[in-house]
Amino acid sequence: GQALDEIEKSRLFTIAGEGVTPLHRAVIDLVERSGAERLAIFSTTGMATNRTIDHLAPLLLRRLNSLYAGAANGSSPVVTRVAWNENCLALRIDPGQRALVPAIADALDAVRDGDTDRKLFGAIVFPRTRWPGSRSWKLPDIIAVLDRPADSPTRIHSPALGAIEGRPPPNRRGNHHGDGYGIFSPALATFLPRDRIGLHDIGKAVQSAFGIR
């Protein structure tokens with residue numbers, strides 16, 4: 001969650017998270033009427049409109065593989081897709097061609113939404129570097145996270161990959177996204193840190209508020 005210095009305070013309850021919504025206010029109204037003095041309501045993630053590029057990814061991958069085919073020795077593709085992506089494009093790079101990861105990431109970073117001319121991807125993440133460990137080899141090499149406009153793109157383009165068009169498939173409307181939120185009564189908020197709030201912080205606050213050792 002956000003820092004407590006950046007949050008909004010209701011009549012009794014402290015709200016931490018990406019933004020205060022009408023749903024948050026409705027929940028606060030209910031709990032304030034209950035008269036509860038020690039209460040925490042929290043979610044580990046936020047929610048956002050669901051987006052996909054399932055309809056554009058096959059041609060996008062063919063263009064990427066065509067672009068870097070000269071670097072590959074053999075018929076296997078340089079870039080393959082991790083199936084079932086929502087709000088992102090997760091890719092694996094042929095193990096013998098991982099030196100191409102920065103160049104492929106740059107090619108993805110240059111792709112733009114044809115309707116808004118905004119960058120298609122709001123972030124390019126390298127999971128194996130960000131989350132190292134004994135099983136990091138199972139992670140994708142690149143995750144390109146879609147930017148946050150409301151609708152799935154229908155047209156994309158870049159100088160290197162050209163233009164690609166397609167109609168989005170039917171998709172569930174919402175998905176987990178970003179930080180969670182919390183609604184805390186003063187007895188608990190007193191024990192929360194003023195920087196970012198983690199689940200362990202909420203657990204410690206509950207223990208302190210109820211005198212649990």
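- Two residues are said to be in side-chain contact when any heavy atoms from C-beta on lie closer than 4.5 Å; I142 and V101 meet this criterion.
- A distance-only check finds no donor-acceptor pair linking the side chain of N65 to the backbone of P77 [under 3.5 Å].
- Put simply, L56 and V82 are part of two different groups of oily side chains (I, L, V, M, F, W, Y) that touch within less than 4.5 Å, one to the next.
- With no hydrogens or angles considered, a side-chain donor-acceptor pair links D115 and T154 at under 3.5 Å.
- The backbone N or O of R63 lies less than 3.5 Å from no partner atom in the side chain of Y68, so there is not a single donor-acceptor pair.
- Taking OG of S76 as the start and CD of Q97 as the end, the distance is 8.0 Å to the nearest 0.5 Å.
- Looking at heavy atoms from C-beta onward, L91 lies in side-chain contact with L61 at the 4.5 angstrom threshold.
- Distance check, rounded to the nearest 0.5 Å: CZ of R62 to CG of L67 gives 15.0 Å.
- The closest side-chain heavy-atom distance from F184 to L39 is not below 4.5 Å.
- Following chains of ILVMFWY side-chain contacts shorter than 4.5 Å, one can reach L59 starting from L89, so the two form part of one hydrophobic cluster.
- Distance check, rounded to the nearest 0.5 Å: CG of D94 to CG of L100 gives 9.0 Å.
- When every heavy atom of C88 is checked against every heavy atom of V145, the shortest pair comes out as CB-CA, 4.0 Å.
- Here the side chains of L161 and L60 are in contact, with some heavy-atom distance below 4.5 Å.
- Summarising the geometry of T52 relative to D54, their closest heavy-atom pair is OG1-N, 3.0 Å, with the distance given to 0.1 Å.
- Although no hydrogens or angles enter the test, the distance criterion places no donor-acceptor pair under 3.5 Å between the side chain of R92 and the main chain of D141.
- Residues L120 and R112 form no side-chain contact, since every pair of their non-hydrogen atoms from C-beta on lies 4.5 Å or further apart.
- From L139, atom CG reaches atom CZ of R130 across 12.0 Å, with rounding to the nearest 0.5 Å.
- When all heavy atoms are compared, the tightest approach of A107 to V111 is O-CG2, 3.4 Å.
- Note that the CD1 atom of I124 and the CD1 atom of I143 stand 10.5 Å from one another [nearest 0.5 Å].
- Cluster annotation: L188 and I212 are assigned to the same hydrophobic cluster (Ile/Leu/Val/Met/Phe/Trp/Tyr, side-chain heavy-atom contacts under 4.5 Å, transitive).
- Listed here is the closest heavy atom pair of A110 and S158: O-CB, 3.7 Å.
- To the nearest 0.5 Å, atom CZ of residue F210 and atom CZ of residue R38 are 4.5 Å apart.
- A salt bridge is defined here as a Lys NZ or Arg NE, NH1 or NH2 lying under 4.0 Å from an Asp or Glu carboxylate O, and R118 with D113 fails to meet this definition.
- The side-chain heavy atoms of V78 and I104, taken from C-beta on, include a pair separated by under 4.5 Å.
- Two residues are said to be in side-chain contact when any heavy atoms from C-beta on lie closer than 4.5 Å; K204 and F191 fail this criterion.
- When all heavy atoms of G166 and H55 are compared, the pair lying nearest together is O-CD2, 3.3 Å.
- For the pair I53 and F121, the minimum side-chain heavy-atom distance is below 4.5 Å.
- Here the closest non-hydrogen pair linking P153 and P168 is O-CG, 3.9 Å.
- In this structure, T190 contributes its side chain and A187 its backbone to no donor-acceptor pair below 3.5 Å.
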